[in-house]
Amino acid sequence: MFGKIVYIGDSEAHVENLQKEAAAADLMNLNVIFEENDQRILGEVFELGSDIVKIRFLGEYINNKYVNGVLRKPLLTSKIRMINTEELMELVGTYDESSFVLGESAIYKGFQICPNINNLFSNHLAIFGNSGSGKSCGVARIIQNIFDSKYNIQYNANLFIFDSFGEYKNAFGKLNELNPNYCYKFITTNVTEQGDIPLSIPVNLLKLDDFALLLQASNHAQLPIIEHTIKLAKIFSTHSEEANAYKNHLIAKALLAVLFSNETVASKKNEIFTIIEVCNTPEFNFDSVIPGLGYTRTLSECFEIDSNGNFGESVLITNYILSKINDDLDTIKEPEKASYSLKDFAAALEFTLISEGFQHNQNLHDDAVILKVRLNSIINSKLSTFFSSEYMPLNNFISSLVANGAKKAQIININLEDVDDTYAKVFVKIISRMIFDFSKGRTERAKIPFHLFLEEAHRYIQKDNDTFLLGYNIFDRIAKEGRKYGVILDIISQRPVEISDTVIAQCNNFLIFKMTHPLDIKYIGEMLPNISADILDKQKVLQPGNCVCFGGAFKIPMIVKMQMPNPMPYSSNCDISACWKMPSQTVNESQEVLTNDTTYQI
């Protein structure tokens, strides 16, 4: 089959083809061994001619273990043979307690590809492919194979699947049938069935960065507004006498600043009434009773303008306002444990805007108005139902995510299909940040691993302005630091060109299904210096359900044929032919026009 070596270059060798009819020689993409004394170099046939076979060098077998890369080229006298079973098993792996079945080799029929679980899942993983190429089915099959292991019960797994279209519920809903110790949890923004868990994020766990993302802050001037509002919301949540006194203190200082401003009396009255309308307490509201010497006035009566154009009770109201100012309250500390709602946060935002340093600052006022409008739109929409005012520590919240009643869930499917991209991205970032902070704060590092499967990752891991505004992007941070804390990204996307460069650069393993868009193919080639042109060429002609696998978990790039998942995810194409058909009618029977007295409804 193989003759003499006629050429050896830096990365390839040309060998005589003794089997003259190229069509009969089924050698393409097969592996061969260059053997000479104790040297065994692995190569792959990448071009086949009638006279010459071109073989690319891949690596070397040293002490029966495969090592990537070739330091010593084969000799011209080296013998060339096909790879044997033992050498092939070293490449594809053996199914045991430390591995799982990924699929079958598309080149070597009957050989299963069994990557080491640690090598594949202790590093970030990227799964790319066109719509319809088999990504969702591939992900479902991988996870099903992991939990269907005959060697291990993966009880302590924590797989979070952020599901853009509700695809995976069908695939994993009966996980406990594989083993009664397994449990699947479906958290959703759209509860439709018994057992669905509504998404609920405790507001007390939202940090400055989370609120900035939620309110779509666009400049740094808005951050102090949010930061001060969080402090006030926590203080006011205690509903204590001190908290009420602090409210009065803030209102009093704001009213005093207006009273001693250069505005007209009428303008002062309008501004004061505006402050009392949005920020009020029992001591400061329109009906509050202001005691004088032998008489009383309501607060609103104190601001009636007399015939001289002044406030009729200016002395009375000024003394009353001064009595509520207590500068010692400016050092009040926010409580460590505080529960408040988004409405409480909105009320605190009003107090922020009348606070010293914010009042009468037009630029800050304009920035704050934008935040108020966005906050109120959230409060008055379905989005507000996804936030809880109940106090919950971070550890308890993470525990609540993985708990399903008295059981521990191994797969936590978070469905965001009815939330638009803007807020879906925010929810995913917030939950991912909480998981990362939880893992980072643990004494024992990386003892509780979390895998974040991001379906349609280009919706979430974008090249946005988080780094400019906050100094970091949570997915970039997890990509760079998450591995050592056990937080692993598993990104699934049809548009890698839209995903953050940093995240892709930190991925150590890749499963590439068929891709045809030239920008995506070019981008992958540029972002991954170790990927060869041959791999890029291979993925262009893959059949659905087949993928090119390469990275740290694979000895060499491999084409893997995956079995269809059972059960299937909801990711198949619409059966247009079946949908178009008239039910229970033949062509001849349906010639007459169907009529109905009522308006047609779907």
Side-chain angles (χ1 to χ4, degrees), residues 95 100-107 109 112-115 117 120-121 125-149 154 157 159-175 177-178 182 184 186 410-417 451-459 489-496 499 507 509-517 520 524 538-551 553-554 558-576 578:
Y95 181 33
F100 77 104
V101 177
L102 178 63
E104 183 179 331
S105 170
I107 305 299
K109 304 300 182 184
Q112 293 180 326
I113 308 297
C114 302
I117 291 176
L120 186 63
F121 287 104
L125 168 67
I127 301 174
F128 298 141
N130 286 349
S131 178
S133 63
K135 298 188 306 300
S136 297
C137 287
V139 171
R141 183 76 260 179
I142 289 171
I143 295 175
Q144 287 173 354
N145 285 356
I146 289 172
F147 285 97
D148 198 24
S149 171
Q154 319 291 0
L159 308 187
F160 282 79
I161 302 176
F162 294 94
D163 195 352
S164 299
F165 304 111
E167 295 182 353
Y168 292 103
K169 186 176 185 180
N170 190 62
F172 305 127
K174 298 180 180 179
L175 183 67
E177 293 184 3
L178 293 177
Y182 290 150
Y184 166 80
F186 188 70
Q410 289 73 34
I411 299 178
I412 302 92
N413 190 173
I414 300 179
N415 175 38
L416 303 169
E417 63 178 320
H451 285 82
L452 310 182
F453 285 80
L454 302 175
E455 177 69 40
E456 303 293 335
H458 51 273
R459 297 180 70 190
L489 293 175
D490 301 279
I491 60 176
I492 307 148
S493 176
Q494 54 189 285
R495 291 310 313 274
I499 294 176
C507 289
N509 291 294
F510 295 84
L511 275 61
I512 311 295
F513 291 79
K514 184 176 181 179
M515 295 183 64
T516 55
H517 199 292
D520 290 321
I524 291 176
K538 285 178 180 177
Q539 61 82 30
K540 294 178 186 178
V541 295
L542 291 174
Q543 297 175 348
N546 290 11
C547 63
V548 178
C549 305
F550 62 95
F554 304 95
M558 298 179 179
I559 300 178
V560 179
K561 181 178 182 180
M562 293 188 178
Q563 291 183 345
M564 294 298 287
N566 183 23
M568 291 279 291
Y570 293 127
S571 61
S572 58
N573 294 336
C574 176
D575 189 346
I576 299 296

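For Phe172, the ring pair (Phe, Tyr, Trp, His ring centres under 6.0 Å) partners at least two apart in sequence or on another chain are Tyr168. In terms of the ring pair (Phe, Tyr, Trp, His ring centres under 6.0 Å) criterion, residue partners of His451 (sequence neighbours excluded) are, by chain and number, Phe121. Taking the side chain to side chain contact (heavy atoms under 4.5 Å, CB included) definition, one finds that Asn170 meets it with Pro567, Tyr570, sequence neighbours left out. Residues passing the salt bridge (charged side-chain N to carboxylate O under 4.0 Å, His left out) test with Lys561, sequence neighbours excluded: none. In terms of the ring pair (Phe, Tyr, Trp, His ring centres under 6.0 Å) criterion, Phe453 has no residue partners (sequence neighbours excluded). A search for salt bridge (charged side-chain N to carboxylate O under 4.0 Å, His left out) contacts involving Arg459 returns Asp421, not counting sequence neighbours.
Around CD of Gln543, the count of heavy atoms belonging to other residues, nucleotides or ligands within 6.0 Å does not exceed 12.
Note that the CG atom of Asn546 and the CE atom of Met562 stand 9.0 Å from one another [nearest 0.5 Å]. Residue Cys507 holds its SG atom at 8.5 Å from CG of Asp490, rounded to the nearest 0.5 Å. Rounding to the nearest 0.5 angstrom, the gap separating the SG atom in Cys137 from the CE atom in Met564 is 4.0 Å. Separating the CD atom in Glu455 from the CD1 atom in Ile414 is a distance of 14.0 Å, to the nearest 0.5 Å. Ile492 contributes atom CD1, which lies 9.0 Å from atom NZ of Lys135 (distance to the nearest 0.5 angstrom). In this structure, Leu125 CG and Leu452 CG are separated by 12.0 Å, a value rounded to the nearest 0.5 Å.
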task: Could you walk me through whether Ile127 and Ile491 pass side chain to side chain contact (heavy atoms under 4.5 Å, CB included), step by step?
output: CA-CA 6 Å; Ile127 301 174; Ile491 60 176; over 6 Å; no

- request: Could you go through the side chain to side chain contact (heavy atoms under 4.5 Å, CB included) check for Lys169 and Tyr184 one step at a time?
  value: CA-CA 9 Å; Lys169 186 176 185 180; Tyr184 166 80; 3.6 Å; yes

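For Asp163 (side chain) and Gly166 (main-chain N/O), a donor-acceptor pair under 3.5 Å exists by modelled atom type. With Gln144 contributing its side chain and Asn566 its backbone, the two residues share a donor-acceptor pair below 3.5 Å. Checking side-chain atoms of Asn145 against main-chain N and O of Val101 turns up a donor-acceptor pair under 3.5 Å. No donor-acceptor pair under 3.5 Å is formed between the side chain of Tyr182 and the backbone N or O of Ile411.
For the residue pair Glu456 and Gln494, a side-chain donor N or O sits within less than 3.5 Å of a side-chain acceptor on the partner. A side-chain donor from one of Glu167 and Ser136 sits under 3.5 Å from a side-chain acceptor of the other.
Counting heavy atoms from C-beta outward, Gln410 and Leu159 have side chains that stay 4.5 Å or more apart. Counting only heavy atoms from C-beta outward, the side chains of Ile142 and Phe100 approach each other to under 4.5 Å. For the pair Phe550/Met558, no side-chain contact is recorded, criterion being any heavy-atom separation below 4.5 Å from C-beta on. Inter-residue side-chain proximity for Lys514 and Cys547 is flagged as unmet; no heavy-atom pair is nearer than 4.5 Å. Ile143 is listed as a side-chain neighbour of Ile161, based on a closest heavy-atom distance under 4.5 Å.
The shortest heavy-atom contact between Ser149 and Gln154 is CB-NE2, 4.1 Å. Across Cys549 and Leu511, no two heavy atoms sit closer than the pair SG-CG, 3.8 Å. Shortest non-hydrogen contact noted between Ile499 and Ala457 is CD1-CB, 4.2 Å. Nearest heavy-atom pair, Phe513 versus Gly545, reported as atom, atom and distance to 0.1 Å: CE2-C, 4.1 Å. Minimum heavy-atom separation, Ser493 to His458: OG-ND1, 2.7 Å.
Of the candidates Phe165, Phe162, Phe186, Asn415 forms a side chain to side chain contact (heavy atoms under 4.5 Å, CB included) with just one, namely Phe186.
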